[in-house]
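Shown next, in structure tokens, is the structure this report addresses.
Heavy atoms only: backbone and side chains are in, while hydrogens, waters and symmetry mates are out. Since we're looking at a predicted model, the values are computed, not measured.
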Amino acid sequence: MDGDLDVYILNNSFIPVNTLNYSNARNLRAKDWNVKDFLKGGGDKLLRNDNGKYIDVSERAGIYGSLIGFGLGVTVGDVDNDGWPDIYVSNDFFERDYLYINMKNGTFKEELEIRISHLSTSSMGADMADLNNDGCPEIFVTDMLPYNEYRLKTTTTFDNINVHDLKVKNGFYNQYLQNSLQVNNGSGQFDETAFFSGVAGSDWSWGALLFDADQDLMTDIFVCNGIYHDVIDQDFIDFFANDVIQKMALNGKKEQLDSIINKMPSTPIQNMAFRNNGRMKFSNVSNEWGLSEKTFSNGAAYGDLDNDGDLDLVINNVNQPALLYKNNAREIHKNDFIGLQLIGDEKNPFAIGSSCKVYINDTILSQQLIPNKGFQSSVDLRLVFGLGKNSKIDSVIINWPDTKRSKILNLPINQYHKISKLSDHSTANINKNVEKKLFVQSNEDFPKHIENNHVDFYFERNIPMMLSKEGPKIAMGDVNNDGKNDLYFCGAAGQAGALYIGLKKGFKFTKQTIFNEFKEWEDTEAVFFDVDGDKDLDLFVGSGGNSMQIGSRELQDRIYINDGSGNFSIDTRALPPNGYNTSVAIPFDFDNDGDLDIFVGSRSYPGEYGMSPRSYIYQNNGKGSFVDILAQIKELSNLGW
């Protein structure tokens, strides 16, 4: 942020990927810069511009000198909305991506695992842009998940649970074969929504570009597709590859690499466009928008090539002519636009790194001028904002890379404007007003939920998810009648449930021996209510999981009776025997007699996913003893899961 342009150089490891594994590769990331021998000739580089001379500051700036970084994309943007540029690096193969947060002192801190829950496996191209008009950039990364069912079945394999666990154990985090769409919550924390948003699969994808293609105020997604040879075609791997190996063994010679590669299938794929429908929902409009041609595309750039106000596309292809698409959005939709060409100073004449916000009533459109995007591509340096049917804008605010700020009113629409940092609009940057937060993070030492090591997939090959690892439930209520809410945390099998008493500020763990006696039970539901009519809160705990036999003691739901002061004891006779995977319990006065009955819903038959278990309505006799009467109600006898 000293006004000149520095350089981040992305590298692709020269180590043959087949010589690495998840055990030996983790030490090559060089987090602590202690493995100097591995740094020779490898890793990404950060070069600082000192008056036109570039100095390698990679190590002191915290950039990984990683020999396992198979970098395919580097994307720059302000992810945490603090005005300083951050860096997202897309890594192919098994190394996870990197998210470098700018520490505002010339150094970066890699924080992907504390800001993103899961990401793509073979990350390729990427882009950052504001997709929901909240002023904060989202991150879109391409991978190799096909959207076509035939391609999905013939070219794709997924990690089994053992490989996945090995990855996580060895520091490669939660990677899944899919495009990832990281939605920014405003502070640089992300929720991944690609499947929800309809953009998780697009085939062997390279370039990713985020721009408003139809000028309707919403940023759309364009994806380049294609690989000249399907190196992951499963028929080739299963059949032809073995034949090649046998010939090599018999002849004592290596078959020429080209002749092997040329026998791989070669399938052109159409590029894809996803229209932004709002609320992070996208629809595939590739054919509708004229992208029906099948190619082997990788790099792509947008720019208003005919100066009509909409963004055209140039696409690079392998062994094919490049493609040039004229955008007809202005002619078809008649939407308005405004274009900005930013002019910086001598050190940064194109004002790269500037951010711009266009205000239209209560809508904010934001872009940052970072031209390198997608995969090995750079876009038009002009910023183009689609305005929909809005015939005027309120204002434009530009934050220049050296902390100067410009506010401009009354800019005419449907034309381009040259705006110079040195103009009269530019003023000293005003510090952002920090909004007072409704919530601040507590430092409470709540228990860590530790799931038991049962792998459902070993016993049920077609189960879509592990029902034995669905995480903890929490019950809340004032169990000691002091006017403050208390918390019960459900424990996994092998871990006792935990009761925390609410204090004036915070919570305090209270040891309850009875909970420890039932630690082998998997708690899957918990709710406080007055079971026995003595005006204090007792505790219902549902049992479940997927590792026990139907009817096992460990699947029996439980009632814990409160003595009025928050001390609990078990009532083993309160509930009739049951034995399914409990998912929900709702106390309510079913028979209007003044006491609380319970509806208990079952999630599944343990070990028999797909069959519908029975559920229960437990009728209370007023003293905390229950009988199941659901079978008496014909309409509820087969509720399903």
Side-chain angles (χ1 to χ4, degrees), residues 1-15 25-92 95-116 123 126 128 137 139 171 188 344-355 368-373 376 378 399-404 421 429:
M1 297 291 280
D2 60 354
D4 55 26
L5 292 176
D6 311 297
V7 182
Y8 188 98
I9 299 178
L10 182 72
N11 274 316
N12 198 288
S13 178
F14 54 81
I15 298 178
R26 65 177 304 184
N27 297 320
L28 300 183
R29 190 179 295 153
K31 272 188 177 180
D32 303 318
W33 297 97
N34 293 324
V35 285
K36 301 292 185 183
D37 291 340
F38 292 133
L39 302 181
K40 298 174 182 177
D44 297 352
K45 301 295 180 186
L46 180 64
L47 307 183
R48 188 183 66 215
N49 186 344
D50 289 350
N51 297 317
K53 180 177 286 188
Y54 288 91
I55 309 298
D56 187 347
V57 295
S58 310
E59 181 174 345
R60 75 185 81 164
I63 304 302
Y64 290 163
S66 174
L67 289 190
I68 57 171
F70 291 83
L72 288 181
V74 55
T75 309
V76 176
D78 181 11
V79 302
D80 55 357
N81 207 27
D82 65 353
W84 291 69
D86 309 300
I87 304 170
Y88 189 93
V89 175
S90 309
N91 281 311
D92 198 358
E95 174 63 316
R96 67 165 174 79
D97 298 349
Y98 307 143
L99 177 57
Y100 293 108
I101 301 299
N102 197 320
M103 295 289 104
K104 309 178 189 177
N105 59 3
T107 69
F108 291 84
K109 188 176 180 182
E110 204 286 314
E111 294 187 349
L112 182 136
E113 293 187 17
I114 64 175
R115 293 178 178 268
I116 290 175
S123 298
M128 287 187 199
I139 304 172
D345 53 23
E346 183 180 2
K347 289 185 176 181
N348 184 5
F350 300 113
I352 290 173
S354 302
S355 62
Q368 189 163 10
L369 181 52
I370 304 288
N372 61 290
K373 293 179 180 294
Q376 297 183 355
S378 185
N399 287 301
W400 304 92
D402 62 353
T403 74
K404 296 287 186 180
K421 192 186 85 167
N429 194 19

Examine distances only and state if a side-chain atom of Glu110 and a backbone atom of Leu99 form a donor-acceptor pair shorter than 3.5 Å.
yes
Suppose we screen for side chain to side chain donor-acceptor pair (under 3.5 Å). Which residues come up paired with Tyr88, at least two apart in sequence or across chains?
Asp97
Measuring from atom CZ of Phe70 to atom OG of Ser13, what distance do you get when rounded to the nearest 0.5 angstrom?
4.0 Å
Spell out, as yes or no, whether a donor-acceptor pair under 3.5 Å connects the side chain of Ser123 to the backbone of Asp92.
no
Which atom pair, heavy atoms only, marks the closest approach of Val76 to Pro85?
CG1-CB, 3.9 Å
With sequence neighbours excluded, what pairs up with Pro349 under the side chain to side chain contact (heavy atoms under 4.5 Å, CB included) test?
none
What I'd like to find out is whether the side chain of Lys347 reaches to under 4.5 Å of the side chain of Asn51, using heavy atoms alone.
yes
Restricting to salt bridge (Lys or Arg N to Asp or Glu O under 4.0 Å), what partner residues turn up for Asp4, sequence neighbours left out?
none
Not counting sequence neighbours, which residues clear side chain to side chain donor-acceptor pair (under 3.5 Å) with Thr107? List them please.
Asn105
Work out which heavy atom in Asn12 is nearest to a heavy atom in Gly71; give both atom names and the distance.
ND2-O, 3.3 Å
Ile114: partners by side chain to side chain contact (heavy atoms under 4.5 Å, CB included), with sequence neighbours left out:
Glu111
Taken in chain and number order and not counting sequence neighbours, the residues that satisfy salt bridge (Lys or Arg N to Asp or Glu O under 4.0 Å) with Asp80 are none
CG of Leu10 to OG of Ser90, rounded to nearest 0.5 Å, is 8.0 Å
Test side chain to side chain contact (heavy atoms under 4.5 Å, CB included) applied to Asp78 and Asp86, step by step
CA-CA 5 Å; Asp78 181 11; Asp86 309 300; 3.6 Å; yes
Can you list everything that forms a salt bridge (Lys or Arg N to Asp or Glu O under 4.0 Å) with Asp50? Sequence neighbours excluded, please.
Arg48
Under the side chain to side chain contact (heavy atoms under 4.5 Å, CB included) criterion, do Val7 and Asn49 qualify, and how do the steps go?
CA-CA 8 Å; Val7 182; Asn49 186 344; over 6 Å; no
Sorted by chain and number, sequence neighbours left out, side chain to side chain donor-acceptor pair (under 3.5 Å) with Thr75 holds for none
Go through the steps for Asn399 and Ser355 under the test side chain to side chain contact (heavy atoms under 4.5 Å, CB included), then give the verdict.
CA-CA 5 Å; Asn399 287 301; Ser355 62; 3.4 Å; yes
Non-neighbouring partners of Gln376 that pass side chain to side chain donor-acceptor pair (under 3.5 Å), sequence neighbours left out:
none
Would you mind checking if Asp402 and Lys421 are paired as a salt bridge, meaning a charged N to carboxylate O distance below 4.0 Å?
yes
Give me the atom names and distance for the closest heavy-atom approach of Lys373 to Met128.
NZ-O, 3.9 Å
Using side chain to side chain contact (heavy atoms under 4.5 Å, CB included) as the criterion, list what pairs up with Lys104, not counting sequence neighbours.
Asp82, Trp84
In Å, rounded to the nearest 0.5 Å, how long is the span from NZ of Lys404 to CG of Asp345?
10.5 Å
What are the two closest heavy atoms between Ile370 and Gly353, and how far apart are they?
CD1-CA, 3.9 Å
Please give me the minimum heavy-atom distance between Ser58 and Leu46, naming the atom from each residue.
OG-N, 2.9 Å
Taking atom types as modelled and ignoring hydrogens, do the side chains of Asp44 and Tyr64 form a donor-acceptor contact shorter than 3.5 angstrom?
no
Going by the rule ring-ring contact (aromatic ring centres under 6.0 Å, His included), which residues pair with Phe108 if we only count those two or more places apart in sequence or in a different chain?
none
Between Tyr8 and Ile87, does the side chain to side chain contact (heavy atoms under 4.5 Å, CB included) criterion hold? Intermediate values first, please.
CA-CA 9 Å; Tyr8 188 98; Ile87 304 170; 3.8 Å; yes
Any idea which heavy atoms bring Tyr98 and Arg96 closest together, and the distance?
CE2-O, 3.7 Å
